[in-house]
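Encoded as structure tokens, the structure appears first; notes follow it.
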Amino acid sequence: MSYVDGFIVAVPKKNIDAYKTFAAKAGAVWKSYGAREYVECVADDVPYGEVTSFPRAVQATDEEVVVFSWITYDSREQRDDINAKVMSDPLLEGDEWKTIFDGKRMIYGGFVPLLRL
């Protein structure tokens with residue numbers, strides 16, 4: 001069975017190119033340690049809901065766009081091992097990401113696939 005980490009973050013529209021560059025670097029690191037897939041998606045049809053929605057979840061402003069991302073692994077154990085290595089990788093050291101998006105509003109979590117068609 002596989003395992004999936006999911007992420008949602010608000011990125012200032014003016015920073016989307018910097019986010020893409022940073023995500024490409026981060027994705028390469030995840031993949032180098034064995035992640036199966038690393039995907040970053042920019043919101044295109046994401047309405048602001050009355051009660052809840054992607055933009056509300058990350059408190060996105062009109063100057064920001066929602067980015068929805070996921071990383072897949074072979075198992076939860078593999079994910080835990082890979083993430084430990086990624087978090088100590090020198091290519092991702094520092095606070096570069098803090099100049100690109102507000103990590104305090106990021107939503108993330110690990111998921112066991114329920115259905116795949």
| W97-F7 co-clustered via ILVMFWY side chain contacts under 4.5 Å | yes
| query | Same cluster or not: are I82 and L91 linked, directly or through other Ile, Leu, Val, Met, Phe, Trp or Tyr residues, by side-chain heavy atoms under 4.5 angstrom apart? | reply | yes
| request: Can you measure from CZ (F54) to CG (D45) and round to the nearest 0.5 angstrom? | output: 11.5 Å
| query | Looking only at heavy atoms, which two atoms of P47 and S53 are closest? And how far apart? | reply | O-CB, 3.5 Å
| R56 versus V51, closest heavy-atom pair with distance | CD-O, 3.5 Å
| Transitive ILVMFWY side-chain link V65 to V46, under 4.5 Å | no
| remark: Rounding to 0.5 Å, atoms OH (Y33) and NZ (K85) come to a distance of 7.5 Å
| message | Count I, L, V, M, F, W, Y as connected when their side-chain heavy atoms are under 4.5 Å apart, and connections chain through other members. Are I100 and M87 then in the same cluster? | response | yes
| task | For the residue pair Y73 and I71, establish whether any side-chain heavy-atom pair is separated by less than 4.5 Å. | result | yes
| query | Taking only residues at least two apart or on different chains, which pairs with a member in residues 13-22 satisfy side-chain hydrogen bond (donor to acceptor under 3.5 Å, both in side chains)? | reply | Y19-E40
| Does V29 belong to the same Ile/Leu/Val/Met/Phe/Trp/Tyr cluster as V4, with side-chain heavy atoms less than 4.5 Å apart forming each link? | no
| field | Basic-acidic side-chain contact under 4.0 Å: D80, R76 | value | yes
| message | Distance check, rounded to the nearest 0.5 Å: W30 atom CH2 versus E37 atom CD? | response | 14.5 Å
Name the atoms and distances for all side-chain donor-acceptor pairs under 3.5 Å in residues 101-117, with sequence neighbours left out.
residue, atom, partner, partner atom, Å
D102, OD1, K104, N, 3.0
D102, OD2, R105, NE, 3.1
R105, NH1, V58, O, 3.0
R105, NH1, Q59, O, 2.8
R105, NH1, E64, OE1, 3.0
R105, NH2, E64, OE2, 2.6
R116, NH2, S2, OG, 3.4

| Hey, what do you get for CG (D74) to CZ (R36), rounding to the nearest 0.5 Å? | 4.5 Å
